[in-house]
A.B. asks: 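What follows is a single structure, and I will ask about it in a moment.
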Amino acid sequence: MAGPTTARRGGAKSSKSVRPRSGTPSRPARKPAGRPPGRGPRRGSLRSRLPRGRRLVLWAVAAVLAGGAAGWALYGSTWLRATRVEVSGTRVLTPDEVRAAADVRLGGPLVSVDTGAIEERLRAALPRIESVRVERSWPHTVGLKVVERQPKAIVQDAAKGGKFIEIDGEGVRFATVDQAPGGVPRLTVEPSEGAAASLRRFGAERLEREGVRVAEALPEAVRADTRAIRVRSYDSITLELTGDRTVVWGSGERGEAKARALTALLKAARGADRFDVSAPSAPAASGS
């Protein structure tokens, strides 16, 4: 007998679906490539649409415009003009003296103020100025920050009617005054007999600088009590303190060590009137 009816060769396939093997997930069918219907092509940015050369031109034009605006603001507008000069740091000098010596031209662009030229004019016109800093303070001010020289010693000049010349710690004579400032020792160069060789070798100016060197080494409290510094030779310098006290200092060398030794002696031997620190490792005090 004939068996069960079988599908004809080449006929329709069985309607049973083929299940995937266990453990293998089914994949969704991929959508055809392309853009969704009804939407046009994506618009690119301006940067992607413009050629590189044209972008560079646009950037250059923008930079020129920005530079021109900045230049006009600095030089052409009235917003950033120099209209005021402020002075700080003066002690003996007055702000008006400093302004007059600075000779700042007001009304022009603040950016064009020549700070270097102002500094040179101030140092040349006012030797009392040790240093000065000229700054632009936007939008309208020129600032002058002054540091004045401080006198460490004075010398009396008979050729100038007995007036006093102030000398700073570097030996610079920077001002002549009618009255001796308080707390500043008077310096004299008085070559003693037999000191002619020292005077010939070093000269009066060098001996004066050695005296100033001693004054610079003194602590503030001791300098305020020092009435005179006498230089007789390079290695023979003495101090005259208040209360008829005398200090044998020796040369100007080892100033810090001598200053420490003198400070200790003044505290330890309050009744003494003569102190010797010419050899600071072996200081001595004597007298009532």
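Please read all numbers here as calculations on a predicted model, not as lab measurements. The first residue in the sequence is number 1, and the count goes up from there.
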A.B. asks: Apply side chain to side chain contact (heavy atoms under 4.5 Å, CB included) to Val222 and Leu262, showing your working.
C.D. replies: CA-CA 9 Å; Val222 178; Leu262 178 59; 3.9 Å; yes

A.B. asks: Would you say the side-chain atoms of His140 pair up with the backbone N or O of Arg81, donor to acceptor, closer than 3.5 Å?
C.D. replies: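 Side chain of His140 to backbone of Arg81, a donor-acceptor pair under 3.5 Å: yes, one is there.
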
A.B. asks: Verify side chain to side chain contact (heavy atoms under 4.5 Å, CB included) between Leu265 and Asp276, making sure each step is shown before the conclusion.
C.D. replies: CA-CA 9 Å; Leu265 278 180; Asp276 190 337; over 6 Å; no

A.B. asks: Going by distance alone, is a donor N or O of one side chain under 3.5 Å from an acceptor N or O of the other, for Thr141 and Arg84?
C.D. replies: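 Judged by distance alone, the side chains do pair up.
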
A.B. asks: Is a side-chain donor-acceptor pair under 3.5 Å present for Arg232 with Thr238?
C.D. replies: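 Yes, a side-chain donor-acceptor pair sits under 3.5 Å.
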
A.B. asks: Under 4.0 Å between a side-chain nitrogen and a carboxylate oxygen: does that hold for Arg133 and Glu135?
C.D. replies: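 Here Arg133 pairs with Glu135 in a salt bridge, since their nearest N and O are under 4.0 Å apart.
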
A.B. asks: Could you check whether Asp178 pairs with Lys163 (Lys NZ or Arg NE/NH1/NH2 to Asp/Glu carboxylate O, under 4.0 Å)?
C.D. replies: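 So Asp178 pairs with Lys163 through a salt bridge.
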
A.B. asks: Quick check against the 3.5 Å criterion: does Arg245 have a side-chain atom that pairs as donor or acceptor with the backbone of Thr242?
C.D. replies: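 At least one qualifying donor-acceptor pair exists.
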
A.B. asks: For Gln156, is there any backbone N or O sitting under 3.5 Å from a side-chain donor or acceptor partner on Arg186?
C.D. replies: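 Answer holds: no.
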
A.B. asks: Whether the side chain of Arg223 engages the backbone of Leu218 through a donor-acceptor N/O pair (distance < 3.5 Å, no angle test) should be reported.
C.D. replies: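 The answer is yes, because a donor-acceptor pair under 3.5 Å joins these two groups.
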
A.B. asks: Main chain of Pro109, side chain of Ser112: is a donor-acceptor contact present, judged purely on distance under 3.5 Å?
C.D. replies: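 Such a contact is found between Ser112 side chain and Pro109 backbone.
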
A.B. asks: Inspect the surroundings of CZ in Arg105 and state if more than 12 heavy atoms from other residues, nucleotides or ligands are less than 6.0 Å away.
C.D. replies: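 Open.
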
A.B. asks: Are Glu210 and Arg213 within salt-bridge range, i.e. N to O under 4.0 Å?
C.D. replies: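 Result for this pair is yes, salt bridge flagged.
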
A.B. asks: Who passes side-chain hydrogen bond (donor to acceptor under 3.5 Å, both in side chains) against Asp168, sequence neighbours left out?
C.D. replies: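 Residues passing side-chain hydrogen bond (donor to acceptor under 3.5 Å, both in side chains) with Asp168: Arg149.
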
A.B. asks: Can you name the one residue among Ile237, Val214, Asp235 that meets side chain to side chain contact (heavy atoms under 4.5 Å, CB included) with Ser251?
C.D. replies: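 The single option meeting the side chain to side chain contact (heavy atoms under 4.5 Å, CB included) with Ser251 is Asp235.
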
A.B. asks: How about Thr94 and Asp96: does a side-chain donor come under 3.5 Å of a side-chain acceptor?
C.D. replies: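 No, Asp96 and Thr94 have no side-chain donor paired with an acceptor closer than 3.5 Å.
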
A.B. asks: Backbone N or O of Glu253 within a donor-acceptor pair of the Lys258 side chain at under 3.5 Å?
C.D. replies: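 Side chain of Lys258 to backbone of Glu253: a pair is present.
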
A.B. asks: Are Glu166 and Arg173 ion-paired here, with the side-chain N under 4.0 Å from a carboxylate O?
C.D. replies: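 Judged by the 4.0 Å cut-off on N to carboxylate O distance, Glu166 and Arg173 do not form a salt bridge.
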
A.B. asks: Does the Glu148 side chain pair with the main chain of Arg91, one donor and one acceptor, at a distance under 3.5 Å?
C.D. replies: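 Indeed, once roles are kept as given, a pair shorter than 3.5 Å links the two residues.
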
A.B. asks: Is the side chain of Lys145 donor-acceptor paired with the backbone N or O of Val134 at a distance under 3.5 Å, no angle test?
C.D. replies: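 Answer holds: no.
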
A.B. asks: Has the side chain of Arg123 got a donor or acceptor atom that lies under 3.5 Å from a matching backbone atom of Ile129?
C.D. replies: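 No: the side chain of Arg123 does not pair with the backbone of Ile129.
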
